[in-house]
Protein chains: 2
Amino acid sequence: MPKSTQSAVTNLVRNDPPVIRRRGASPEKTAMTRQSIVDAALAEFLEKGFANTTIETVAKRAGVAKGLIYRYFIAKEALFSAVVQQEIVNAHIDTDDAKRAPNESVEDFLRRTLVVSIHQIEKKSRADIARVVITEGARFPAIAEIYRRDVIEPLLLKVKRLAMAARKSGELKDDRLVKNPHLLLAPVWAGIVINKFLDRAHPVNIGELFETQLDMIFSKVAA
Amino acid sequence: MPKSTQSAVTNLVRNDPPVIRRRGASPEKTAMTRQSIVDAALAEFLEKGFANTTIETVAKRAGVAKGLIYRYFIAKEALFSAVVQQEIVNAHIDTDDAKRAPNESVEDFLRRTLVVSIHQIEKKSRADIARVVITEGARFPAIAEIYRRDVIEPLLLKVKRLAMAARKSGELKDDRLVKNPHLLLAPVWAGIVINKFLDRAHPVNIGELFETQLDMIFSKVAA
DNA sequence: GACAAAAGTGACCGCAAAGTCATTTATACC
DNA sequence: GGTATAAATGACTTTGCGGTCACTTTTGTC
């Protein structure tokens, strides 16, 4: 009997299906298993950080055996990497790339888009991902780099462009934000640090902080 | 021969020195050894974080044997705790508690004191201590708590008081800073996050960021 | 039902590092 | 110099966990 995988001479005439026959597997189920591992790992990493998460626990949580995880990820680090990347991509998807309306001021545009998404930062574990990246970033420069490239850099660019537009139109009266686009986001980072690391018992309202910063930058007189 | 430690009957007449006699030890040298262990541990923890630092390496760096460390600290965590506490106390010592001169404006006072010390934040490894507290804070709530109590809380209180004074004197025209004293420090936390975790290749100038924030808060018109 | 191939299992291995302890060395007092 | 006590040592024990692998189960095809 010929081995079926290699086209044997006797079989040459028959039209072998061009697709590779797969036995003992269905791509959908494989994908689901993989996903359940990633989900379990995400939860564990969020709870305990990289060093304190064990593969065994992840496996238990995902309802699979330890060994299986190594069929999907060559090492613990690869699993971590996959988890973080997925979350960054997820965060990316729902980032507004709304366009500014023809007559809309930069300030109004920011209030309509950024303010809204920053008010939601603490739901959807967006802040928690930032927390993990911060916590493990020193140990995994590659992950910090991905985060920087896919989250921070685009945000900064957006802010800078808007700042320049506002400067040109006279909406902003100085170059502060153009020079230091970080200034707008500063309350967000500060809020994450305070709420996630330093003072969980007395969380600050990141959205409110951010709005106040916006007021100041656009020289709004406060109530 | 009576045991010298317990007062034996035969010795009752002799004036036993009231101080406990210590043999084979000099308190000074013991203190020095302890300090050299803490110093070595500080360096190691700063370089590699808690999980990646080994007691053996600390011992080598301190020039002592591994076992000795356990005579001074019951466990690795105790050592870590001691290190961080010492540094927080050190940071505390050189925190200016300068008084505001009779006719000095709040803004001038802040520029004379806080701005100066924040410009120095990256020297003297002040930012690195913050980094370690942030990195390990999730795993060691006690340390985050100490940091909060001894560093953040006093700073916030100072800012709040000054904001209220400035509000009263008319130097500030709104309650923003009184309500959100975090706003003043936000660029500092943001700067630490950016420089130490997320974008080491493109560090922001924390001092400059902070000064710009001060300008905005006091409604300075920029150059 | 027979088969092949992939999915899935969990006992096991190896190693690194925390923590121990019997022993040796240093020091202060007589 | 003798001795009691504390400091210091480092070989050893213990432990936890990442990673492996020989084996079993499931699944799709003929």
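Within every chain, numbering begins at 1; the chains are lettered A, B, ... in the order of the sequence lines, protein sequences first and strands thereafter. On a predicted model such as this, the values are computed, not experimentally measured, just so you know.
- Whole-Å rounding puts the A:R34 CZ to C:dA6 P distance at 18 Å.
- Summarising the geometry of A:R176 relative to B:T212, their closest heavy-atom pair is CD-CG2, 3.3 Å, with the distance given to 0.1 Å.
- By the side chain to side chain contact (heavy atoms under 4.5 Å, CB included) test, B:A62 is found to be paired with B:S36, B:I37, B:A40, B:V64, residues two or more places apart in sequence or in another chain being considered.
- Residues A:A98 and A:T113 come closest through the heavy atom pair CB-CG2, 3.9 Å.
- One finds no side-chain N or O of B:T54 lying less than 4.0 angstrom from the OP1 or OP2 phosphate oxygen of C:dA16.
- The side-chain heavy atoms of B:R131 and B:T135, taken from C-beta on, include a pair separated by under 4.5 Å.
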Going through the checks in order, is the side chain to side chain donor-acceptor pair (under 3.5 Å) test met by A:N90 and A:Q86? CA-CA 6 Å; A:N90 278 354; A:Q86 163 177 294; 5.6 Å; no
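- An OP1 or OP2 oxygen of C:dA7 is reached within less than 4.0 angstrom by a side-chain nitrogen or oxygen of A:T30.
- For A:V133, the side chain to side chain contact (heavy atoms under 4.5 Å, CB included) partners are A:V84, A:I129, A:I143, A:Y147, B:L198, not counting sequence neighbours.
- Of the residues in residues 57-65 of chain A, none has a non-hydrogen atom less than 4.0 angstrom from any atom of DNA chain D.
- Taking atom NZ on B:K48 and atom C1' on C:dA17, their separation rounds to 12 Å, with Å as the unit.
- By the 4.0 Å N-to-carboxylate-O rule, A:K60 lies too far from A:E56 to be salt-bridged with it.
- When side chains are defined from C-beta on, A:L162 counts as touching A:R100, because their heavy atoms get closer than 4.5 Å.
- Take the nearest nucleotide of DNA chain D for A:N52 and for A:G67: the residue whose nucleotide is more 5' is A:N52.
- Closest approach of A:N205 and A:G207 over heavy atoms only: OD1-N, 3.1 Å.
- Of the residues in residues 37-45 of chain A, none has a non-hydrogen atom less than 4.0 angstrom from any atom of DNA chain D.
- For the pair B:L114 and B:L184, the minimum side-chain heavy-atom distance is below 4.5 Å.
- Contact check, B:K29 against C:dA26: no side-chain N or O comes under 4.0 Å of OP1 or OP2.
- Within a heavy-atom distance below 4.0 Å of DNA chain C, the residues of residues 68-83 of chain A found are A:L68, A:R71, A:Y72.
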Donor-acceptor list for residues 66-79 of chain B side chains, cut-off 3.5 Å, not counting sequence neighbours:
residue : atom : partner : partner atom : Å
B:K76   : NZ   : B:F50   : O            : 2.9
B:K76   : NZ   : B:T53   : O            : 2.8

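- Taking atom NZ on A:K66 and atom P on D:dG18, their separation rounds to 7 Å, with Å as the unit.
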